[in-house]
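Chain letters run A, B, ... following the sequence lines, proteins first, then strands; residues in each count from 1. Keep in mind it's a predicted model, so treat the numbers as computed, not measured.
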Protein chains: 2
Amino acid sequence: MVIGEIRPSVDGGRRPAKAVVGEAVPVRARIFADGRPRLRARGRLLPAGHSDGWPAALTFPLGPAVDDWWDGHLVPDRVGSCKFRLEAWEDRFGTWCDDVGRRLATGVDPAPEVDEGWALLRQTLRRLPGETARSLVRAATELAGSGVERELAFLLDEKLQSLLATLVWRPLATSPPRPLWVERPRALFGSWYELFSRSQGSDGFQPGSLSATADRLPHLAALGFDVLYLTPIHPVGVTGRRGRNNAPLALPGDPGSPWAIGSELGGHTEVDPELGTMEDFRGLMARAKEVGMEVALDYALQCSRDHPWVKEHPDWFRRRPDGTIRPAENPPKRYDDIYPLDFSCRDWRGLWDACYEILDHWARQGVRVFRVDNPHTKPVPFWEYLVDRLRLEHPEVILLAEAFTAPAMMRELARVGFSQSYTYFTWRQTKDDLVAYARELADETADFLRPNFFVNTPDILTAQLQEGGEGAFRSRLLLASTLSSSYGVYSGFEHLERKALRPGSEEYLDSEKYQYRPRPDHGDPGIEGLIATVNAARRAHPALQQFRRLFFHWADHPDLLCYSKTTPGLEDRVLVVVNLDPWRAHESMVHLDLAELGLGPDSSFALRDLLDGAEYRWQGAHNFVRLDPARAPGHLFAVVP
Amino acid sequence: MVIGEIRPSVDGGRRPAKAVVGEAVPVRARIFADGRPRLRARGRLLPAGHSDGWPAALTFPLGPAVDDWWDGHLVPDRVGSCKFRLEAWEDRFGTWCDDVGRRLATGVDPAPEVDEGWALLRQTLRRLPGETARSLVRAATELAGSGVERELAFLLDEKLQSLLATLVWRPLATSPPRPLWVERPRALFGSWYELFSRSQGSDGFQPGSLSATADRLPHLAALGFDVLYLTPIHPVGVTGRRGRNNAPLALPGDPGSPWAIGSELGGHTEVDPELGTMEDFRGLMARAKEVGMEVALDYALQCSRDHPWVKEHPDWFRRRPDGTIRPAENPPKRYDDIYPLDFSCRDWRGLWDACYEILDHWARQGVRVFRVDNPHTKPVPFWEYLVDRLRLEHPEVILLAEAFTAPAMMRELARVGFSQSYTYFTWRQTKDDLVAYARELADETADFLRPNFFVNTPDILTAQLQEGGEGAFRSRLLLASTLSSSYGVYSGFEHLERKALRPGSEEYLDSEKYQYRPRPDHGDPGIEGLIATVNAARRAHPALQQFRRLFFHWADHPDLLCYSKTTPGLEDRVLVVVNLDPWRAHESMVHLDLAELGLGPDSSFALRDLLDGAEYRWQGAHNFVRLDPARAPGHLFAVVP
């Protein structure tokens with residue numbers, strides 16, 4: 001018996017696949033044997049920290065699908081490193097039933113076949129519960145002498161087959177174990193909101209504060225956000241500080257880029273005194289907890305020229321022959337305010353430890369989510385070290401990789417163990433591109449890469465948003481929040497901020513990276529209503545809390561995109577139709593794969609639009625949709641049972 | 001630096017990938033590093049039996065392609081178990097050149113950059129040949145004081161970059177080694193002809209002979225065949241013998257199925273005395289060698305009821321409760337003349353050894369090719385045992401798996417080590433099906449599964465051949481012989497034999513499996529001319545001797561299929577257009593991917609049709625083709641340089 005092509009599997013089982021507590025992780029494998037016996041299979045999940053070994057592992061069922069594929073789900077119940085394996089065996093009595101049925105059709109003598117059936121049944125007796133075995137024997141005794149036909153009917157009885165199918169026959173084929181890394185649910189599902197703390201409560205000239213940030217939490221919680229992501233809150237360097245719109249000279253009072261971390265006031269483990277104290281930070285954490293949110297910090301491994309490390313550890317920076325340190329660069333961009341760390345310096349152990357200690361410091365303050373800045377510019381072995389150590393000491397910590405880099409590196413960082421990754425979502429805008437990319441994420445890379453679809457970032461204001469008006473903001477929000485289980489919004493999006501630095505640039509004009517950007521309440525909620533609605537739908541619908549069970553249905557119109565998401569048992573079914581054109585209304589037939597939705601052919605079913613509460617009744621696979629961006633970006637239907 | 005997603009790779013490197021001596025095996029991997037340094041990479045091939053280890057391994061170049069893929073080829077030089085690995089490093093001087101170019105564009109001070117360049121150059125001096133180093137130093141001395149501009153020009157000189165690019169900089173990233181099993185070239189390329197020895201020289205009532213078979217060899221060699229595959233030549237069982245057309249009763253004189261192996265005259269290691277002696281067999285082998293062909297035997301692990309093993313090893317057969325052995329079956333078919341072996345019997349070691357000894361016996365008679373009957377009905381671990389032992393003791397032996405079974409099992413047998421596999425080719429008939437299937441074989445499974453496209457077998461006379469007239473025979477022959485590097489013909493095909501047992505059946509009427517089928521020379525060569533022509537083309541064109549470098553070009557007409565095959569260096573380029581409709585002439589524009597053929601856009605190029613010698617001149621990508629099945633099944637073009 002062969003058990004092969006097992007999924008989830010990363011690097012042929014050499015690295016752990018990803019899962020979260022309570023997630024129904026799809027498991028599949030090819031299971032087959034010579035001849036075509038009736039097979040049965042199951043999986044075993046050995047939870048983290050379980051010392052009793054495989055016999056004590058939880059089992060989960062596997063069922064046959066086409067082409068020798070077998071499918072099932074495992075559901076991890078705790079955070080940590082666990083493993084699963086698959087087991088298969090022949091249901092020998094079932095095989096006999098299949099064979100004898102086929103043989104009798106060819107006209108063989110039934111008597112020796114029946115003998116074989118009895119012999120097989122005899123073998124099973126002592127493995128059945130006593131009462132069951134005794135009643136079987138009684139029934140068989142009554143049959144004595146009643147003829148081959150009746151004996152055959154007795155043996156081929158469906159109930160007997162079902163009973164014996166519950167037995168695990170030996171020998172048992174077992175697959176090698178596969179590792180899984182199980183995280184808490186937030187690693188899979190969450191709505192993120194990104195802001196600059198220093199803009200909260202600022203008047204545009206004076207810095208805001210952590211306590212003003214804390215005051216915004218109830219509003220963000222009411223909008224349904226789960227994670228508040230703060231851009232760096234550490235002291236900002238002075239030497240080489242950039243001015244507004246990245247000017248090479250800063251005016252007095254300009255705050256500089258918060259990613260130029262470190263000054264004489266301290267480095268990565270300090271709170272910028274302009275924003276508040278560590279006490280204020282703890283207050284922010286407490287407020288977040290009160291409103292059911294958590295706080296994510298930025299983890300940017302680079303230093304301003306004034307970072308304490310520059311003096312304390314000059315050997316952690318690469319020097320030019322003239323003894324100077326080359327500032328960071330990504331030509332044609334130069335970051336005169338930033339020194340890159342040299343991860344392969346002679347004292348790399350000291351540096352790597354210090355980098356870990358930053359995370360450890362904040363984790364001990366209760367921070368359990370980090371957004372990691374530019375991980376692709378640091379060596380992969382460093383991330384392996386960091387992730388392995390985190391998993392041991394802070395297994396609840398979630399890392400989001402900011403790697404908008406080449407596909408190979410983005411995937412490698414995910415394989416190494418980042419919990420989530422920013423993706424290319426912002427640049428996937430046409431129907432074909434969205435379908436191809438979402439399918440890749442839902443299947444090809446799903447075992448190791450969890451997407452987090454940010455609709456914008458301080459660095460990415462796409463031309464689509466600059467030019468597409470409110471319609472573009474609405475449809476991108478609906479796409480991000482329903483295609484991916486994790487998604488994010490950088491502040492300003494809800495108010496349709498869309499002025500670019502210059503034509504052709506994805507940089508914001510008056511970018512918050514270089515100045516305070518207070519956003520006073522002018523009474524216009526922008527698209528906050530839609531945000532609150534989609535976030536509420538996401539919390540109410542488990543189908544939206546995962547990204548693997550995604551299916552695209554055909555819509556005739558090239559600007560209408562139709563897809564559904566479902567839970568494995570089809571308890572929850574969500575159907576989405578999005579108008580990708582921000583300006584014009586379009587109408588189209590939509591052709592559903594009803595089986596995918598657990599609906600019978602030609603059945604009639606009710607849909608409730610979670611965006612506006614409207615109810616619809618559809619009939620069969622082919623239905624009409626009209627979407628006007630002036631009214632709504634799309635339909636977000638719950639299929640009503 | 002990361003070296004990942006390496007191909008060829010089977011089961012994540014746990015099993016060897018396949019190659020043959022002299023084959024240019026494509027190697028690819030994703031190679032990348034943090035930042036975007038200028039990388040260089042190469043592969044190392046450690047041939048079989050090489051004891052000096054990696055430093056002594058052969059190297060082969062790898063070059064960059066899109067998305068961090070790197071491509072190259074390795075060429076094994078001997079049969080056996082070898083391994084390869086990949087190495088990558090940063091061309092640090094090249095990276096400096098790239099960086100400094102970008103930096104200068106941002107207006108930085110060039111002086112410290114130039115200092116860095118000199119420092120880097122200084123490091124390389126002692127690794128350059130003495131004279132090169134000295135001339136570099138002389139040139140540098142002359143520059144002294146000439147200014148930063150001239151120094152920069154010196155350092156950025158293309159020739160200097162090329163010179164330093166030849167250095168292998170440390171540290172070197174190396175991939176784990178990957179295993180390869182290298183076979184002789186016949187495992188990849190060969191034209192097979194299958195016949196029943198007992199029909200050769202028969203009058204329809206008396207058996208033919210091995211010596212008459214030997215007399216056919218010069219003709220088969222003239223047709224360009226490489227392998228003569230003989231259906232079983234062993235003594236045939238008497239008990240339960242099947243009559244003509246698989247009748248349950250045989251008449252006296254009926255020969256029975258040759259797959260019912262064994263009688264009181266002996267088993268799998270004997271020649272049926274009706275066909276001749278072992279001496280005759282050796283004569284056949286010698287004649288084959290003279291004409292440049294080799295002989296393949298059938299390896300069918302099953303026994304007639306009269307096989308010596310039935311008496312000598314009753315424990316090698318599974319018994320029913322009444323003590324009888326159940327005959328082989330594949331319901332609704334019953335094989336009353338055949339007993340299956342029980343590969344998991346108590347004495348499985350004895351049985352497995354005996355099975356191996358059959359191969360060993362014939363291998364010692366010089367047989368180096370076996371066609372393995374129904375391997376999917378025997379346990380996979382048995383094949384692992386057999387293949388591993390063969391590789392040690394008879395590494396030159398080639399095994400063709402007759403597994404027309406489910407895809408998972410077919411692939412598993414290939415992974416386990418069968419040299420070749422029959423495929424689903426006979427049933428892939430439409431353009432879409434052929435394209436999808438050929439692409440799967442040329443890419444997805446190419447590392448471990450080598451196809452052998454038989455156009456027919458004694459069991460498979462497709463409806464397409466029954467109904468498609470000569471046109472179907474011609475187009476199928478052209479497809480098989482040009483899509484796959486190995487292909488085969490079962491005798492009768494060349495004379496368009498196509499009478500089925502009954503409508504809807506793929507069985508031949510008066511099947512040679514159950515009777516002598518002499519084929520007297522009526523003077524009609526059938527399609528032997530076409531066979532000889534395609535076989536000659538196959539021998540002349542290395543592009544046709546491999547199946548991986550296959551590319552489908554677009555043809556507008558749904559019945560015209562266009563594809564090209566090329567050698568890696570484009571030394572040989574073959575372009576094929578086949579008319580899939582056996583009856584009607586069709587015309588179509590054909591749209592070539594000229595780059596794939598190594599031709600410039602809009603270039604003019606000559607084509608010579610290897611089927612009829614006609615010469616054509618085409619211009620650019622879009623050209624007109626008309627194919628009339630009454631004249632030819634297609635074009636088999638050589639691109640003339």
Side-chain angles (χ1 to χ4, degrees), chain A residues 1-2 4-5 9 11-14 30-36 67-69 98-99 101-103 105-108 111-120 171 320-322 324 326 329-334 340 343-344 374-382 405-409 411-412 415, chain B residues 1-2 4-5 9 11-14 30-36 67-69 98-99 101-103 105-108 111-119 171 320-322 324 326 329-334 340 343-344 374-382 405-409 411-412 415-416:
Chain A
M1 208 169 308
V2 178
E5 301 181 53
S9 174
D11 289 351
R14 278 185 284 267
R30 298 248 217 191
I31 303 179
F32 54 92
D34 53 292
R36 305 303 290 170
D67 273 348
D68 297 317
W69 287 111
D98 286 348
D99 287 350
R102 282 194 297 252
R103 277 173 201 145
T106 69
V108 299
E113 308 299 337
V114 166
D115 285 352
E116 201 164 47
W118 288 120
L120 216 45
R320 289 187 283 193
D322 64 359
T324 59
R326 180 194 309 291
E329 58 184 358
N330 187 12
K333 291 187 195 169
R334 273 158 58 197
F343 285 86
S344 46
N374 276 334
H376 57 284
T377 59
K378 287 95 192 170
V380 171
F382 166 70
T405 181
M409 179 58 107
R411 292 181 178 194
E412 185 69 7
R415 283 194 200 96
Chain B
M1 210 169 307
V2 177
E5 301 180 54
S9 173
D11 289 351
R14 279 184 285 268
R30 297 249 216 190
I31 304 180
F32 54 92
D34 52 291
R36 307 301 292 170
D67 273 347
D68 297 318
W69 287 111
D98 287 345
D99 287 349
R102 283 193 295 254
R103 276 173 202 145
T106 69
V108 299
E113 309 297 337
V114 166
D115 284 352
E116 201 165 47
W118 286 121
R320 288 186 285 191
D322 64 358
T324 59
R326 180 195 308 292
E329 58 184 357
N330 187 12
K333 290 187 197 169
R334 274 158 57 197
F343 285 86
S344 47
N374 274 336
H376 57 284
T377 61
K378 286 96 191 169
V380 171
F382 165 72
T405 182
M409 178 58 104
R411 291 181 179 194
E412 186 69 7
R415 282 193 201 98
V416 159

### Message
For B/E412, is there any backbone N or O sitting under 3.5 Å from a side-chain donor or acceptor partner on A/R30?
### Response
no
### Task
Using the side-chain contact (heavy atoms from CB on, under 4.5 Å) rule, pick out the option among B/P381, B/P375, B/P379, B/S344 that qualifies with A/D34.
B/P379
### Message
Between B/R102 and A/E329 (salt bridge meaning N to carboxylate O under 4.0 Å), is one present in this structure?
### Response
no
### Message
Out of B/A119, B/A111, B/P407, B/S9, return the one with the most heavy atom pairs under 4.5 angstrom to chain A.
### Response
B/P407
### Message
Among B/K378, B/R326, B/R415, which residue has the highest count of heavy-atom pairs closer than 4.5 Å to chain A?
### Response
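Among the listed options, the one with the most contacts to chain A is B/R326.
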### Query
Are the side chains of B/R36 and A/H376 in touch, meaning some heavy atoms are under 4.5 Å apart?
no
### Part of B/D115 lying under 4.5 Å from any heavy atom of chain A
both
#### Entry: Choice from A/P321, A/G35, A/G4 maximising heavy atom contacts with chain B below 4.5 Å
A/P321
### Task
May I ask you to name which of A/V108, A/T324, A/D11, A/T405 has the most heavy-atom pairs under 4.5 Å with chain B?
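Max contact count across the listed options: A/V108.
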### Query
What is the minimum heavy-atom distance between A/D67 and B/A408, and which atoms define it?
O-CB, 4.4 Å
### Task
Please report the shortest heavy-atom distance between A/R14 and B/G12, naming the atom on each side.
NH2-O, 3.2 Å
